[in-house]
Amino acid sequence: MSQAEISAASNFIRTLIKQQREAGQQQKVVTRFPPEPNGYLHVGHAKSICLNFGIAEEFGGDCHLRFDDTNPEKESQVFIDAIQEDIRWLGFEWAGDVRFASNYFDQLYDWALHLIKAGKAYVCELDAEQMREYRGTLTEPGKNSPYRERSVEENLAEFEKMRAGDYPNGAKVLRAKIDMAAPNINLRDPILYRIRHQHHHQTGDRWCIYPSYDFTHGQSDAIEGITHSLCTLEFEDHRPLYEWFLENLPVPCKPVQTEFARLNLNYTVTSKRKLKLLVDEGIVDGWDDPRMPTISGMRRRGFTPKSIRDFCDLVGVNRAGGVVDINMLYFALRNDLEHNARRGMVVLNPLKIVITNWEEGREEILTSPSHPARDDLGERQLPFTRELFIDRNDFMEEPPKKFFRLAPGKEVRLRNAWVIRCDEVIKDDQGEIIELRCSYDPDTLGKNPEGRKVKGVVHWVSADKGVPAEVRLYDNLFQVETPDADKDKDFLEHLNPDSLSRVDAICEPSLAQAGAEDHFQFERVGYFCADRHDHQPENGKLVFNRTVSLKDSWAKMQKKQG
Ligand code: ATP
Ligand code: MG
């Protein structure tokens, strides 16, 4: 699939902005990506990042990075750092400094006073349970709080005491005075401030009251001059409240909120709470475990920034939602790696072969391009020796009819080298095959043997010159398509027990030069990436992660449907 085809997917927000431009509304586009620093970013966030930064790029505008940090007990600097690293790795840069909603705490406090003075906010002392009772339900209106008619003076004094730390957590809240009978529950006197005696990673111990998400988000957008506040559909019901604050406060501008569907991927969970559980329970090896759908996990697995951006383009942006097939993600990944990953030969499950008509001690250096279509990637050297390894799966003692690889008496081509024939099978006392004795045909380098059909090609590595590596074979973390669909069932019951296996592999010697995070196609096997942390060639330790297999079910399916 070409880049143009990938980018052609629908994105109604882009269409909307084009229409606004054509209608002569020539404003500069300013968007923002507003993560809560309470976890690592995941593939769903990538969609929001590509949308917000992509729109700003396309229309010559700005995209801000703003940490939505109103919930200090769950937040930390570790997450703040990781989020910035992930966004940059994806290839985006925010306009100006990193911003924090907490930068606006003073302004928000002043705006709370503004509402109190206008008779539009009050300090309420209902406890959590009473609050629920008074709120009503979707079908029944709520009731007014007994504290609703407090005087402005009393509210100002009470709110000041809340701020000064005179009350314990939960004793009182500041609420907007809107309408307890509003059909939209978000408008039933929503909470603006809570008491939380809690140290904050940015503001230290300056505050013991913290604004709610709703009281913070729209006003932060307004302070920053955001023009298009793009968020996921669960905030649609909050939009009337978002607009109520902008109407009732002296804000410098009025951003417009537009909602789009969240990204849901099959075989994947993207709730931060669930991802955190996987980390905290030690089910995975940290937030960047290669099986995690976090951006840093995908990076470590071997995804490229481009493959993730292309995937987001392919998915498009709409309001319909639905579940995206994970194979579409793998398709975007293979599409990029096919063009950019160097080739290498690696035997995952080694079986020794001895070329009996090759002299002991003789070594020939064969060469092969590092990539079949990319001369710029140069070539690699493949030492050929008397003893080699091939993959155990490429030999069968009693092959079925369509088996074109090696079998007793049969011929096969060693990739980038000669044709060999298997003459003898050597077994140990238990009957296990430990070695094959083969002979090579010296006339077959780079050409087919005359009059003989050799269909199969297998990869190989010199037994003397090959280098050992640990190869980690990753698969989906969950066995079922919708691991968290069943509310009554623990999503952990659907874990795939075979999501990780390790093998001791033998690599062609050029791979000893691989740097951490280098991508490869191990010929005939799949795409791999040198592990970001554990691959240490300088210490003689090679570790490769399987990124994705070679076969591409999504592209095939598209063709069939096409
Ligand atoms: P979670 O529910 O996993 O905790 P969140 O929405 O609370 O995620 P935030 O850090 O608040 O996480 O998200 C930052 C931005 O990313 C928000 O604008 C949010 O709408 C968007 N976002 C989060 N998850 C997805 C998703 N699956 N698809 C698209 N956008 C998402
Ligand atoms: Mg959120």
Side-chain angles (χ1 to χ4, degrees), residues 11-13 31-56 63-76 78-84 86-87 90 92 94 98-102 212-214 216-218 220-221 224 226 228-239 242 255-280 287 292-298 308-309 311-324 326 328-329 482-484 491:
N11 176 332
F12 78 100
I13 292 172
T31 57
R32 84 287 169 273
F33 175 64
E36 220 175 307
N38 61 354
Y40 277 54
L41 297 179
H42 55 62
V43 62
H45 293 115
K47 174 174 175 179
S48 179
I49 291 170
C50 290
L51 174 63
N52 281 292
F53 285 91
I55 288 280
C63 180
H64 297 178
L65 170 60
R66 182 204 315 144
F67 286 102
D68 175 9
D69 58 344
T70 56
N71 207 350
E73 58 266 54
K74 292 193 173 159
E75 299 165 359
S76 84
V78 175
F79 298 137
I80 292 175
D81 295 340
I83 288 170
Q84 294 181 57
D86 287 348
I87 296 172
L90 275 176
F92 297 109
W94 45 93
V98 175
R99 294 154 215 255
F100 293 87
S102 56
S212 62
Y213 168 84
D214 283 315
T216 307
H217 197 78
S220 301
D221 284 345
E224 294 182 7
I226 302 298
H228 296 75
S229 181
L230 310 176
C231 64
T232 36
L233 278 171
E234 69 271 23
F235 293 104
E236 188 170 23
D237 290 345
H238 294 241
R239 181 162 16 109
Y242 182 99
V256 176
Q257 173 177 310
T258 307
E259 306 87 14
F260 62 95
R262 286 177 91 82
L263 171 71
N264 298 305
L265 261 191
N266 60 10
Y267 298 101
T268 308
V269 300
T270 49
S271 143
K272 262 189 262 177
R273 189 177 58 77
K274 289 178 182 153
L275 296 179
K276 186 169 183 318
L277 189 80
L278 291 169
V279 174
D280 292 347
W287 285 94
M292 289 284 271
T294 51
I295 301 202
S296 56
M298 293 166 82
I308 298 175
R309 293 195 311 261
F311 167 69
C312 291
D313 278 344
L314 268 175
V315 169
V317 181
N318 59 39
R319 289 176 53 89
V323 179
V324 172
I326 195 162
M328 193 161 150
L329 178 61
T482 49
D484 52 2
F491 74 106

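All figures in this text were calculated on a predicted structure; none of them were measured in a lab. As the structure lists them, so they are numbered: ligands from 1, and atoms in each ligand from 1.
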Atom indices of ligand 1 within 4.0 angstrom of S271 heavy atoms, with elements: 3 (O)

Any idea which of E36, R262, E234 brings a heavy atom closest to atom 2 (O) of ligand 1? R262

Can you tell me if NZ on K274 sees more than 12 non-hydrogen neighbours from other groups inside 6.0 Å? yes

From the candidates H45, H217, R32, the one that places a heavy atom nearest atom 22 (N) of ligand 1: H45

Go through ligand 1 atom by atom and flag the ones less than 4.0 Å from a non-hydrogen atom of T270. 3 (O)

Look only at interatomic distance and state if L263 has a nitrogen or oxygen under 3.5 Å from any nitrogen or oxygen of ligand 1. yes

Correct closest heavy-atom pair for F311 and V43 would be CE2-CG2, 4.1 Å

Find all atoms of ligand 1 within a distance of less than 4.0 Å from any non-hydrogen atom belonging to T232, and give their numbers and elements. 19 (C), 20 (O), 29 (C), 30 (N), 31 (C)

Sequence-distant partners of E75, side-chain hydrogen bond (donor to acceptor under 3.5 Å, both in side chains), two or more places apart: H201

Using a 4.0 Å heavy-atom cut-off, say whether H42 meets ligand 1 through its side chain, its backbone, both or neither. side chain

Residues forming a ring-ring contact (aromatic ring centres under 6.0 Å, His included) with F260, sequence neighbours excluded: none

Quick note on ligand 1: atoms under 4.0 Å from a heavy atom of S48 include exactly 16 (O), 21 (C), 30 (N)

Decide if the gap between the ring center of H217 and the ring center of Y213 is smaller than 6.0 angstrom. yes

Got a donor-acceptor contact below 3.5 angstrom from the D221 side chain to the I226 backbone? no

